[in-house]
Chemist: 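Right, I'll just put the structure down here and ask away after.
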Amino acid sequence: MEQELEKISGTVEDVTYHNEESGFTVLLVDVDGDPVTVVGEVPEIAEGEEITATGSYKVHGTYGVQFRAELIERTLPATAGAIRKYLSSGAVKGLGPALAGRIVARFGDDTLTIIEKEPERLTEVRGISAEKARKIGEEYQRQFGIRSVMSLLASLGLPAATAIKAWRRWGANTADVLKSDLYALCCEEIGVEFEEADRMAAHFGVAGEDPCRLGAGLQYILRVNSRSGHTCLPKGKLLSLATEFLQAAPEGLENTLATLIEDNTLAAYAVGEKEYIYLQPLYRAESYVASRVCIALQLQPPRLEPMEDELDELEQAQGITYDPVQRRAIAEAVQSRLFILTGGPGTGKTTTLRAIITLLEGMGETVAIAAPTGRAAKRISELTGCEAKTIHRLLEVQWDEADAAVFARNEKNPLDADALVVDEVSMVDVLLFDSLLRALKSGCRLILVGDTDQLPAVGPGSVLHDLIDSGVLPVVQLTEVFRQAQESHIILNAHRIVSGQQPELSYKQGDFFFLRQTSPQGVTCTVLDLCARR
């Protein structure tokens with residue numbers, strides 16, 4: 001049974017904690033003379049403000065009884081004393097306790113009205129110039145802007161965190177943007193689900209054939225499909241899905257799609273008679289990747305040498321005999337600008353990679369090594385004896401206010417490496433690969449290592465698979481499973497599955513076991529036992 005919500009009202013005595021990113025706030029509120037801890041989401045609140053919080057009392061394991069607010073409504077202080085406390089708390093940038101006291105002494109209960117509507121009159125107070133008065137007025141107006149957005153979205157049933165994201169996206173224009181197009185909330189930076197925006201728009205009488213609704217629906221379908229790995233959709237498929245999902249007429253969708261392409265919200269790319277529709281960030285990423293591949297091909301030497309003498313010396317120094325395919329892979333990798341080494345487990349990719357790195361360093365090149373995950377980076381470090389980083393760490397990732405990755409390494413600040421080796425490329429999506437290529441200086445070698453039968457990327461695109469399938473890049477596939485790897489039943493069964501054969505399940509020892517269970521309860525118990533005990 002859901003707990004019934006209640007309302008409490010009072011004056012903010014102290015802002016115990018406030019997170020500017022999310023709006024999460026802990027307040028000490030005077031409610032009829034009793035101190036109450038109120039927890040909720042609200043932007044830029046200050047001491048002295050009057051609030052009404054809607055929610056319920058909860059018991060926190062560490063902090064005791066708290067009022068968990070689902071909605072915090074604010075009213076500004078009305079009396080001179082409360083206004084002075086409010087302004088002295090730093091609520092308005094540029095005003096400290098002394099200046100706040102002089103302003104309130106001059107204007108009394110009308111102080112906030114003067115700041116809002118006649119900020120130029122603040123020059124009547126000693127110590128405030130015309131420029132300072134203007135800045136105080138602008139800051140106060142900015143705060144009122146975000147409050148109006150909070151009120152608007154609260155009336156639509158959306159949380160304060162969404163209002164904060166919307167304000168960051170559109171600033172003082174937020175209310176106007178949303179009044180003209182509620183579906184703008186569905187953009188990536190804010191992330192309101194289309195169905196939620198549809199509910200709100202229907203409440204305000206927005207027609208089902210409204211171009212804003214149709215445009216948001218088309219973009220939503222593309223975003224949903226990008227989460228399944230697709231960078232684009234055929235135009236016909238997109239329109240068919242949209243017709244069913246939006247229950248809209250095809251002609252209206254066709255017209256809306258043409259408008260979105262014309263204003264560069266979406267992109268269209270034709271292959272023969274078929275047209276594909278992209279979200280712009282994915283189109284830009286694919287286009288840039290294709291252009292960098294073309295540049296790498298132009299820099300390829302006209303003829304790749306077998307390098308027999310160098311490989312003989314390397315074998316003698318390493319005490320290893322490489323098979324003919326490995327020798328070809330090593331020779332092509334150190335001569336190419338863009339090279340792909342692929343193969344299943346146990347086929348000697350790491351041994352080949354160690355040789356490639358050794359030769360490149362012997363040629364005086366600085367080699368960087370990266371992988372998409374921390375675990376993969378640690379593994380390649382251990383196997384090659386060279387330091388490896390995650391791609392994000394290599395590119396010096398930072399996170400912006402919308403929690404989107406921003407890389408310090410880019411065209412203006414490229415990596416210092418002469419050659420970059422990237423392992424487990426099957427897990428790299430097109431957006432990350434785009435960022436990686438942008439961080440490479442002109443002429444930097446790129447050696448991609450991976451297995452197309454391994455885990456695919458979580459994000460959109462199938463970079464490794466598509467580069468191999470293009471048929472324009474130097475690719476060497478290792479296929480022979482070496483003797484040491486043949487002792488692993490995991491590796492042998494992996495190759496059986498890839499080749500379409502049933503795995504061998506009769507092993508009783510080694511690194512592969514088949515634990516047969518015939519009921520859902522048995523499967524659950526076995527999984528729990530493996531996780532908890534084994």
Chemist: Going by side chain to side chain donor-acceptor pair (under 3.5 Å), name the pairs with one or both residues in residues 231-255, residues two or more places apart or in two chains.
Modeler: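 Sorted pair list: T231-E286.
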Chemist: Is there a side-chain contact between E70 and L5 (heavy atoms, below 4.5 Å)?
Modeler: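 Result yes, sub-4.5 Å side-chain heavy-atom pair found.
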Chemist: Check whether any side-chain heavy atom of T25 lies under 4.5 Å from a side-chain heavy atom of V39, and answer yes or no.
Modeler: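 No - every pair of side-chain heavy atoms lies 4.5 Å or more apart.
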Chemist: Is it true that atom CZ of R516 has more than 12 heavy atoms of other residues, nucleotides or ligands lying nearer than 6.0 Å?
Modeler: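 Result for CZ/R516: open.
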Chemist: Any side-chain heavy-atom pair from P234 and K274 closer than 4.5 angstrom?
Modeler: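 The answer is yes, as the side chains (C-beta and beyond) meet within the 4.5 Å cut-off.
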Chemist: For the atom pair CG (L394) and CD1 (I369), what is the distance rounded to the nearest 0.5 Å?
Modeler: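 Here the rounded value is 10.5 Å.
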Chemist: Please confirm whether the backbone N or O of L432 pairs with a side-chain atom of D429, one donor and one acceptor, at under 3.5 Å?
Modeler: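 Yes.
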Chemist: Can E50 and T11 be said to form a side chain to side chain donor-acceptor pair (under 3.5 Å), step by step?
Modeler: CA-CA 5 Å; E50 303 285 335; T11 304; 2.8 Å; yes
Chemist: Start with the C-alpha gap between L415 and L395, add the side-chain angles, then the distance that decides, and say whether side-chain contact (heavy atoms from CB on, under 4.5 Å) holds.
Modeler: CA-CA 8 Å; L415 296 166; L395 300 182; 4.2 Å; yes
Chemist: What are the two closest non-hydrogen atoms of A201 and Y183, and how far apart are they?
Modeler: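 Taking every non-hydrogen atom into account, CB-OH, 3.3 Å.
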Chemist: Can you name the closest pair of heavy atoms from T62 and H60 and give their distance?
Modeler: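 That would be N-ND1, 2.9 Å.
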Chemist: Is the closest side-chain heavy-atom distance between L214 and E209 below 4.5 Å?
Modeler: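 When only atoms from C-beta onward are counted, E209 and L214 do touch, with a gap below 4.5 Å.
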Chemist: What about H18 and F24, are their ring centers closer than 6.0 Å?
Modeler: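 Not close enough - the centres of the two rings lie 6.0 Å or further apart.
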Chemist: So for atom OH, which belongs to Y269, do other residues, nucleotides or ligands contribute more than 12 heavy atoms lying within a distance under 6.0 Å?
Modeler: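 No, OH of Y269 has 12 or fewer neighbouring heavy atoms, counting only those of other groups under 6.0 Å.
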Chemist: From R126 CZ over to L99 CG, what is the distance, rounded to the nearest 0.5 angstrom?
Modeler: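 Rounded to the nearest 0.5 Å, the CZ-CG separation comes out at 9.0 Å.
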Chemist: Locate the shortest heavy-atom distance separating A53 from V38; write the atom from each residue and the value.
Modeler: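 So the two residues come closest at CB-CG1, 4.2 Å.
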Chemist: Would you please test L27 and I51 for side-chain contact (heavy atoms from CB on, under 4.5 Å) and show each step?
Modeler: CA-CA 10 Å; L27 304 171; I51 69 164; 4.1 Å; yes
Chemist: Within this structure, what is the CG-CZ distance for the pair L436 and R292, rounded to the nearest 0.5 Å?
Modeler: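 Interatomic distance, L436 CG to R292 CZ, rounded to 0.5 Å: 9.5 Å.
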Chemist: R213 side chain to L246 main-chain N or O, any donor-acceptor pair under 3.5 Å?
Modeler: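 Checking the backbone N and O of L246 against the side chain of R213, a donor-acceptor pair under 3.5 Å is found.
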Chemist: Do C232 and I277 pass the side-chain contact (heavy atoms from CB on, under 4.5 Å) test, and can you show the C-alpha distance, the side-chain angles, and the key distance before you say yes or no?
Modeler: CA-CA 5 Å; C232 61; I277 308 300; 6.0 Å; no
Chemist: Measure across G33 and D30 and return the closest heavy-atom pair with its distance rounded to 0.1 Å.
Modeler: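 Smallest heavy-atom distance, with atoms named: N-OD1, 2.7 Å.
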Chemist: Yes or no on ring pair (Phe, Tyr, Trp, His ring centres under 6.0 Å) for F67 and Y57, after CA distance, side-chain angles and deciding distance?
Modeler: CA-CA 4 Å; F67 189 85; Y57 284 97; 5.0 Å; yes
Chemist: Using a 4.5 Å cut-off on heavy atoms from C-beta on, say whether the side chain of L266 contacts that of L257.
Modeler: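 They are in contact (side-chain heavy atoms under 4.5 Å apart), so the answer is yes.
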Chemist: More than 12 heavy atoms of other residues, nucleotides or ligands under 6.0 Å from OH of Y63: yes or no?
Modeler: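 12 or below, so no.
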Chemist: Going from CG on D423 to CG on L448, what distance comes out if it is rounded to the nearest 0.5 angstrom?
Modeler: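 Spacing of CG (D423) from CG (L448) equals 10.0 Å.
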Chemist: Could you state the interatomic distance from OG1 (T111) to CD1 (I83), rounded to the nearest 0.5 Å?
Modeler: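 Rounded to the nearest 0.5 Å, the OG1-CD1 separation comes to 5.0 Å.
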Chemist: Tell me if a side-chain donor or acceptor on S88 pairs with a main-chain N or O of K85 at a distance below 3.5 Å.
Modeler: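 It does not hold such a pair.
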Chemist: Please list, chain by chain and in numerical order, all residues satisfying side chain to side chain contact (heavy atoms under 4.5 Å, CB included) with Q517, sequence neighbours excluded.
Modeler: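 Counting only residues at least two positions away or on another chain, Q517 forms a side chain to side chain contact (heavy atoms under 4.5 Å, CB included) with V523, T526.
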Chemist: Would you say the side chain of F107 lies within less than 4.5 Å of the side chain of E124, judging by non-hydrogen atoms?
Modeler: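 Yes, close enough: below the 4.5 Å cut-off.
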Chemist: Do E189 and K165 sit within salt-bridge range, that is, some charged N less than 4.0 Å from a carboxylate O?
Modeler: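 Not counted as a salt bridge, because no side-chain N and carboxylate O are separated by less than 4.0 Å.
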Chemist: Between R134 and E131, does any side-chain N to carboxylate O distance fall below 4.0 Å?
Modeler: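 The answer is yes: the pair qualifies as a salt bridge.
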Chemist: Ignoring hydrogens and angles, tell me if any N or O in the side chain of Q280 forms a donor-acceptor pair with the backbone of N264 under 3.5 Å.
Modeler: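 Yes: the side chain of Q280 pairs with the backbone of N264.
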Chemist: Checking the side chain of N225 only, and the main-chain atoms of I221 only, is there a donor and an acceptor separated by less than 3.5 Å?
Modeler: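 Checked: pair present.
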Chemist: Closer than 3.5 angstrom, by distance alone: can the side chain of R106 be matched with the main-chain N or O of V125 as a donor-acceptor pair?
Modeler: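 A pair under 3.5 Å: no.
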Chemist: Flag the pair L87 / L112 as yes when at least one side-chain heavy-atom distance between them is below 4.5 Å, and no otherwise.
Modeler: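 Sidechains of L112 and L87: in contact.
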Chemist: Determine whether the aromatic ring centres of Y220 and F245 lie less than 6.0 Å apart.
Modeler: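 Yes: the rings meet the under 6.0 Å criterion.
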Chemist: Side chains of L420 and L440: does their closest heavy-atom pair fall under 4.5 Å?
Modeler: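 Yes, their side chains come closer than 4.5 Å.
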Chemist: Starting from the C-alpha separation in whole Å, work towards a yes-or-no answer on salt bridge (charged side-chain N to carboxylate O under 4.0 Å, His left out) for D434 and R284.
Modeler: CA-CA 9 Å; D434 167 68; R284 286 193 295 267; over 6 Å; no
Chemist: Taking atom CG of D263 as the centre, does the number of heavy atoms from other residues, nucleotides or ligands within less than 6.0 Å exceed 12?
Modeler: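 Atom CG in D263 is crowded, with more than 12 foreign heavy atoms closer than 6.0 Å.
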Chemist: Work out which heavy atom in L464 is nearest to a heavy atom in S426; give both atom names and the distance.
Modeler: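 The pair with the smallest heavy-atom distance is CD2-N, 3.9 Å.
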Chemist: Can you see whether Y288 has R438 sitting over its ring - NZ or CZ less than 6.0 Å from the centre and within 45° of the normal?
Modeler: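 Here R438 passes the 6.0 Å and 45° test against Y288.
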Chemist: Between E196 and R199, is there a side-chain N and carboxylate O pair less than 4.0 Å apart?
Modeler: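 Salt bridge flag = yes for R199 with E196.
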Chemist: Taking it one step at a time, do C186 and R223 satisfy side-chain contact (heavy atoms from CB on, under 4.5 Å)?
Modeler: CA-CA 10 Å; C186 297; R223 276 198 296 273; 3.8 Å; yes
Chemist: If you measure from CD1 on I114 to CG on D109, what distance do you get to the nearest 0.5 Å?
Modeler: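 Going from CD1 on I114 over to CG on D109, the span is 12.0 Å.
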Chemist: With sequence neighbours excluded, tell me which residues meet side-chain hydrogen bond (donor to acceptor under 3.5 Å, both in side chains) with E41.
Modeler: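 Once residues adjacent in sequence are excluded, E41 has no partner under the side-chain hydrogen bond (donor to acceptor under 3.5 Å, both in side chains) criterion.
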Chemist: Is a donor on one side and an acceptor on the other found under 3.5 Å between the side chain of R393 and the backbone of G374?
Modeler: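 Judged by distance alone, no pair lies under 3.5 Å.
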Chemist: Identify the heavy atoms of I72 and G40 that sit nearest to each other, and give their distance.
Modeler: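 Distance-wise, the nearest heavy atoms are CD1-CA, 4.2 Å.
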Chemist: Just by modelled atom types, is the I261 backbone N or O under 3.5 Å from a matching donor or acceptor in the T265 side chain?
Modeler: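 Absent.
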Chemist: State plainly whether the residues K389 and E396 are in salt-bridge range, i.e. N to O under 4.0 Å.
Modeler: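 Here K389 does not pair with E396 in a salt bridge, since their nearest N and O are not under 4.0 Å apart.
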